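What follows is a short report on a single structure.
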Amino acid sequence: MSSELDPKDPELLRALQEDFPVTERPFEEIAERMGWTEEEVISRIRILTDSGVIRKLGAVLNPRKMGYVSVLAALDVPEESLDGTASVINEYSSVTHNYQREGRPNLWFTMTEPDQATLEKHLAEIEENIGLSAIKMPVTKMFKIGVKLDI
Amino acid sequence: MISEEEKDLLREVQRLPLTKRPFAEIADRLGMKEEGVMIMCNDLLDRGVIRRFGPSISHRKVGFAGNPMTVLNVPEEELDDVGREIASEPDVTHCYARSGWDYNLFFMIHARTREEGLDRAHEIVSTTGIQGYRIMFSIKEFKKIPFEIPKENNIR
């Protein structure tokens with residue numbers, strides 16, 4: 001187990017992933033399932049949020065069901081301009097993932113926008129700004145998404 | 001699709017306040033009743049707008065360091081079967097068909113180490129019989145954030 005976790009954290013993370021209740025006192029309910037106190041649950045979540053283990057706790061949204069559109073895009077960027085190109089892309093708040101990967105193309109990002117026109121406009125801006133054209137890979141079928149981690 | 005009222009609610013519930021009664025606090029912010037907030041949340045859950053309530057966890061920080069993206073070139077007529085087969089593997093967290101590139105099926109696995117990730121990716125592909133594929137580990141993470149509705153409508 002990673003050093004960022006306290007011995008009791010995996011149990012808490014599993015419980016939070018399991019079934020987060022929409023009730024007046026959700027943390028009390030989780031605490032009861034685990035045999036902790038409500039205060040312990042809340043304070044430990046705060047610590048894990050501060051250390052970045054938990055990025056956020058709340059509603060996980062399905063952008064498509066709100067009419068949003070997203071695309072995975074990839075660029076083949078010369079090694080020496082990777083950091084600069086990545087910063088240009090990261091300026092858009094609609095970019096949720098941006099990774100350098102092994103092989104070619106080497107820079108991969110996802111962008112999610114309220115409509116197709118905005119998505120295309122922002123992609124075109126990026127391409128113009130960096131002088132490269134991106135491979136655009138929209139999802140055509142979803143087989144599985146974001147299940148629980150076996151922590 | 002969602003209403004403006006629902007959008008305002010989603011902006012708040014996508015990041016719950018860490019207090020004993022988070023839905024009551026959100027109700028206060030929105031000028032609603034706690035019960036009304038919970039009813040709307042349950043309705044949005046039923047409609048799939050909210051996938052679930054829960055944490056977004058940093059994979060790396062909880063010990064998952066071997067998370068390759070694997071891409072396959074699958075004949076169109078086999079895409080559904082192969083996609084479903086790969087999705088049924090417990091350590092596969094994402095599996096999508098995509099258009100626009102030389103490979104049309106993408107999956108992610110989460111493993112503790114690079115070696116374990118690599119072994120599992122090869123193993124999963126081998127059960128499908130597909131020959132054309134690539135396993136692509138990330139070298140550097142420039143950004144990774146959960147999708148959220150921006151606080152303001154005027155996103156860049």
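Proteins come first, then strands; the chains are lettered A, B, ... in the order of their sequence lines, and each starts at number 1. This one's a predicted model, so the numbers in the text were calculated from it and none came from an experiment.
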(message) Does any part of the side chain of B/Val92, heavy atoms only, come nearer than 4.5 Å to the side chain of A/Lys144, both counted from C-beta?
(response)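 The answer is yes, as the side chains (C-beta and beyond) meet within the 4.5 Å cut-off.
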(message) Just so I know, are the side chains of A/Leu13 and B/Val62 near enough to count as touching, which here means a heavy-atom distance under 4.5 Å?
(response)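 Sidechains of B/Val62 and A/Leu13: in contact.
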Residue [X] versus chain A: region with a heavy atom under 4.5 Å:
X: B/Asp80; value: both
X: B/Met69; value: both
X: B/Leu105; value: side chain
X: B/Leu45; value: side chain

(request) Measure distances from A/Lys136 to the heavy atoms of chain B and classify the residue's part below 4.5 Å as side chain, backbone, both or neither. (result)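 Interface part for A/Lys136: backbone (N, CA, C, O).
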(message) Before you tell me yes or no, could you show the steps for B/Glu76 and A/Lys141 under salt bridge (Lys or Arg N to Asp or Glu O under 4.0 Å), namely the whole-Å CA-CA distance, both residues' side-chain angles and the distance that decides it to 0.1 Å?
(response) CA-CA 12 Å; B/Glu76 208 56 43; A/Lys141 183 151 189 183; over 6 Å; no
(request) Just grab all the salt bridge (Lys or Arg N to Asp or Glu O under 4.0 Å) pairs involving residues 37-51 of chain B, residues at least two apart or on different chains. (result)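 Qualifying pairs, neighbours excluded: B/Glu6-B/Arg47, B/Asp43-B/Arg47.
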(message) Any salt bridge linking B/Arg52 with A/Asp19? Criterion: basic side-chain nitrogen under 4.0 Å from a carboxylate oxygen.
(response)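 No salt bridge links B/Arg52 with A/Asp19.
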(message) Is there a ring-ring contact (aromatic ring centres under 6.0 Å, His included) between A/Phe143 and B/Phe107? Walk through the geometry before answering.
(response) CA-CA 9 Å; A/Phe143 295 103; B/Phe107 73 89; over 10 Å; no
(request) Could you list which of residues 15-27 of chain B have a heavy atom closer than 4.5 Å to any heavy atom of chain A, in residue-number order? (result)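 So the qualifying residues are B/Arg15, B/Leu16, B/Pro17, B/Leu18, B/Thr19, B/Lys20, B/Arg21, B/Pro22, B/Phe23.
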(message) Within residues 32-39 of chain B, which residues come under 4.5 Å of chain A, heavy atom to heavy atom?
(response)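 Residues of residues 32-39 of chain B touching chain A at under 4.5 Å: B/Glu34, B/Met38.
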(message) Is there a continuous path of hydrophobic side-chain contacts, each under 4.5 Å between heavy atoms, that joins A/Leu16 to A/Trp36?
(response)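 Yes, one cluster joins them.
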(message) Quick check on the structure: residues of residues 41-48 of chain A within a heavy-atom distance below 4.5 Å of chain B, by number.
(response)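 Under the 4.5 Å heavy-atom cut-off, A/Ile42, A/Ile45, A/Arg46 qualify.
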